[in-house]
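One structure below.
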Amino acid sequence: MPVVSAVFAPCFSAASKTILAVNLVGFTITAVTQTHKITDLCGVGAFAAGALSSRLASSASVGALSLSSPSILATSLVAVWSARLSGYLFRRVCVVGEDKRLRQFFPEDENEPMFTGPSKFPINLAGFWSIQATWAAVVGAPAYLLAAVPSAALTMPTTIAFGIAAAGLVLETVADYQKSKWYAQKNRKGYCETGVWKMSRHPNYVGEVMFWSGMAAAALSPLMAANAPAWSLGICLASPMLTYTLVRHVSGVPMLEDSLTKKFNGDADFQQYLRDVPIFWPTPASIQRALV
């Protein structure tokens, strides 16, 4: 296994460098044009680029392209997740016009001085893109590292883990589709409460956490069997933990919940909605309500 173990660092390094390059190009275009419409396109799209580059790095190190089922499944799932989500978010920002959360990184007007103005443009913008690149490198690590195991077998536990990831991908896709249909309605109410949105107030984020939890679980067994270094196992475990922390406690759920509360705090129907629909993890009662 020493030959295989030596491949982990090149695979992760190749993915990280590719992700950095994609985000650097995105930052440059964003800073020059002062529009953030390609932010998610580059940030999420970098996952697919990283997965592909890690497989190419593995091929160069071991002399053949990894054809193991876990590696192929991991790369394929990440590519589908990346292409689907980046395309969806890019289309959404084009329709809506802007992401208000990113407005703070740009000058308020043409008279605001660079570096020293309220937005600290482009310093804070560069910091945001750096964080986004780090996010893609860490969260996508299970797929990047699996590329270093060319002879991994598709065991039952690994198959189940990939099934969880696939279920998460389906849930996230369905949630985004139903939210888009709801948003297109002219007489829509202030919050989505149809389909999977009946079982969680943020089912798209639940799906994302499921996806990366499944990916990490699928990678652990092959990595451990290949005597993967401790740092690679640590990064693999950090993937779902970072995903959950970000969407549940930082940039996802808290911002959306705060916005909804400010809009409908005195609304009786909204208070009933808060009691019936859990904020994140679905409950048996909410799942049953969604299926009825």
Side-chain angles (χ1 to χ4, degrees), residues 1-16 18-19 44 46-59 61-62 64-82 85 134-172 205-248 280-281:
M1 292 296 183
V3 175
V4 175
S5 297
V7 183
F8 287 105
C11 285
F12 185 72
S13 177
S16 298
T18 300
I19 289 168
V44 180
F47 281 81
L52 177 60
S53 64
S54 66
R55 287 183 61 80
L56 294 177
S58 174
S59 174
S61 298
V62 303
L65 186 65
S66 173
L67 297 178
S68 70
S69 296
S71 178
I72 292 174
L73 276 173
T75 302
S76 300
L77 282 170
V78 169
V80 172
W81 176 85
S82 175
L85 184 56
T134 303
W135 164 68
V138 174
V139 172
Y144 314 148
L145 293 168
L146 260 179
V149 190
S151 58
L154 188 62
T155 62
M156 182 57 68
T158 303
T159 302
I160 293 173
F162 276 127
I164 294 173
L169 175 60
V170 170
L171 175 59
E172 187 176 20
Y205 290 142
V206 173
E208 186 167 343
V209 172
M210 285 177 59
F211 179 79
W212 290 113
S213 296
M215 292 296 295
L220 280 177
S221 180
L223 294 182
M224 294 174 67
N227 294 326
W231 65 263
S232 63
L233 298 177
I235 295 178
C236 192
L237 289 171
S239 171
M241 295 173 63
L242 179 59
T243 299
Y244 177 76
T245 300
L246 288 176
V247 301
R248 179 64 183 85
F280 198 78
W281 295 114

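What you see below is based on every heavy atom in this structure, not just the backbone, and it leaves out hydrogens, waters and symmetry mates. Residue numbers start at 1 and run along the sequence shown.
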Might you point out which heavy atoms bring S53 and A14 nearest each other, and give the distance in Å?
OG-O, 3.4 Å

What pair of heavy atoms forms the shortest contact from C11 to A57, and how long is it?
CA-CB, 4.1 Å

Nearest heavy-atom approach of A48 to V78 is N-CG1, 4.5 Å

Atom OG of S232 and atom CG of L220: how far apart are they, to the nearest 0.5 Å?
9.5 Å

Working to the nearest 0.5 angstrom, can you tell me the gap between W212 CH2 and L169 CG?
10.0 Å

Please round to the nearest 0.5 Å and tell me the distance separating atom CE of M215 and atom OG1 of T243.
11.0 Å

Is a donor on one side and an acceptor on the other found under 3.5 Å between the side chain of S239 and the backbone of C236?
no

Look only at the side chain of S58 and the backbone of S54, and say whether a donor-acceptor pair between them is shorter than 3.5 Å.
no

Assess the residue pair V170 and F211 against the criterion (side-chain contact (heavy atoms from CB on, under 4.5 Å)); give the C-alpha distance rounded to whole Å, side-chain angles, the decisive distance to 0.1 Å, and a yes or no.
CA-CA 9 Å; V170 170; F211 179 79; over 6 Å; no

Determine, step by step, whether F47 and Y144 satisfy the side-chain contact (heavy atoms from CB on, under 4.5 Å) criterion, reporting the C-alpha distance in whole Å, the side-chain angles of both residues, the deciding distance to 0.1 Å, and the verdict.
CA-CA 9 Å; F47 281 81; Y144 314 148; 3.7 Å; yes

Taking side chain to side chain contact (heavy atoms under 4.5 Å, CB included) as the test, write out the residues that go with A141, two or more places apart.
F12, L145, I235

Working to the nearest 0.5 angstrom, can you tell me the gap between I164 CD1 and F162 CZ?
11.5 Å

Going from CG on L73 to OG1 on T159, what distance comes out if it is rounded to the nearest 0.5 angstrom?
8.0 Å

Using only atom types and a distance under 3.5 Å, with no angle test, would you say the side chain of S59 pairs donor to acceptor with the backbone of R55?
no

Keeping the roles fixed (side chain from T158, backbone from L154), state whether a donor-acceptor pair exists under 3.5 Å.
no

Between L146 and P222 the two heavy atoms that sit nearest each other are CD2-CB, 3.7 Å

Can you label the angle between the Y244 ring and the W281 ring as parallel, tilted or perpendicular, going by 30° and 60°?
parallel

If you round to the nearest 0.5 Å, how far is CG of L171 from OH of Y205?
13.5 Å

Is there a side-chain contact (heavy atoms from CB on, under 4.5 Å) between L52 and T75? Walk through the geometry before answering.
CA-CA 7 Å; L52 177 60; T75 302; 5.7 Å; no

